[in-house]
A.B. asks: 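Below you'll find the structure I mean.
Quick note: residue numbers are just sequence positions, from 1.
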Amino acid sequence: MRISVDRDVCIGAGQCVLAAPQVFTQDDEGLSEVLPGREDGHGSAMVREAARACPVSAITVRERSQVRE
């Protein structure tokens with residue numbers, strides 16, 4: 001799995017941080033970002049829920065088979 005946050009779309013609602021705090025955080029501007037080293041979801045079952053909870057769909061979750069290295 002590979003997770004990314006489109007910071008141009010993010011409005012800083014923080015729903016991702018509430019759903020999966022071990023994967024997401026908010027920066028000083030309040031925008032969400034993936035914690036360093038957690039781009040693979042860190043085994044969290046809540047990553048997909050965090051993406052669904054984002055009110056502006058700023059989070060992309062790709063399965064490993066969809067990711068080009």
A.B. asks: Hey, is the main chain of Asp27 close enough, under 3.5 Å, to the side chain of Glu29 for a donor-acceptor pair?
C.D. replies: no

A.B. asks: To the nearest 0.5 Å, what is the distance between CD on Glu49 and CD1 on Ile59?
C.D. replies: 10.5 Å

A.B. asks: Got a second to check how far Arg38's CZ is from Glu33's CD, nearest 0.5 Å?
C.D. replies: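 Rounded to the nearest 0.5 Å, the CZ-CD separation comes to 13.0 Å.
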
A.B. asks: Mind checking the CG-OG1 spacing from Leu31 to Thr25? Nearest 0.5 Å is all I need.
C.D. replies: 11.5 Å

A.B. asks: Start with the C-alpha gap between Asp40 and Arg2, add the side-chain angles, then the distance that decides, and say whether side-chain contact (heavy atoms from CB on, under 4.5 Å) holds.
C.D. replies: CA-CA 5 Å; Asp40 65 352; Arg2 189 76 168 169; 5.6 Å; no

A.B. asks: Specify the closest pair of heavy atoms between Phe24 and Ala50, including all atoms of both residues, with the distance to one decimal.
C.D. replies: CE1-CB, 3.7 Å

A.B. asks: Evaluate side-chain contact (heavy atoms from CB on, under 4.5 Å) for Cys10 paired with Ser32, printing each intermediate quantity in order.
C.D. replies: CA-CA 7 Å; Cys10 180; Ser32 296; 3.9 Å; yes

A.B. asks: Rounded to the nearest 0.5 Å, what separation is found between the OG atom of Ser44 and the CE atom of Met1?
C.D. replies: 8.0 Å

A.B. asks: Would you say Val34 and Val61 are hydrophobically clustered, going by side-chain heavy atoms of ILVMFWY under 4.5 Å?
C.D. replies: yes

A.B. asks: How far apart are the closest heavy atoms of Gln26 and Gly12, and which atoms are they?
C.D. replies: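 Minimum heavy-atom contact is NE2-O, 3.1 Å.
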
A.B. asks: May I have the step-by-step check of side-chain contact (heavy atoms from CB on, under 4.5 Å) for Ile3 and Val47, ending in yes or no?
C.D. replies: CA-CA 8 Å; Ile3 305 155; Val47 169; 3.4 Å; yes

A.B. asks: Starting from the C-alpha separation in whole Å, work towards a yes-or-no answer on side-chain contact (heavy atoms from CB on, under 4.5 Å) for Gln15 and Arg52.
C.D. replies: CA-CA 9 Å; Gln15 297 303 308; Arg52 280 191 291 273; over 6 Å; no

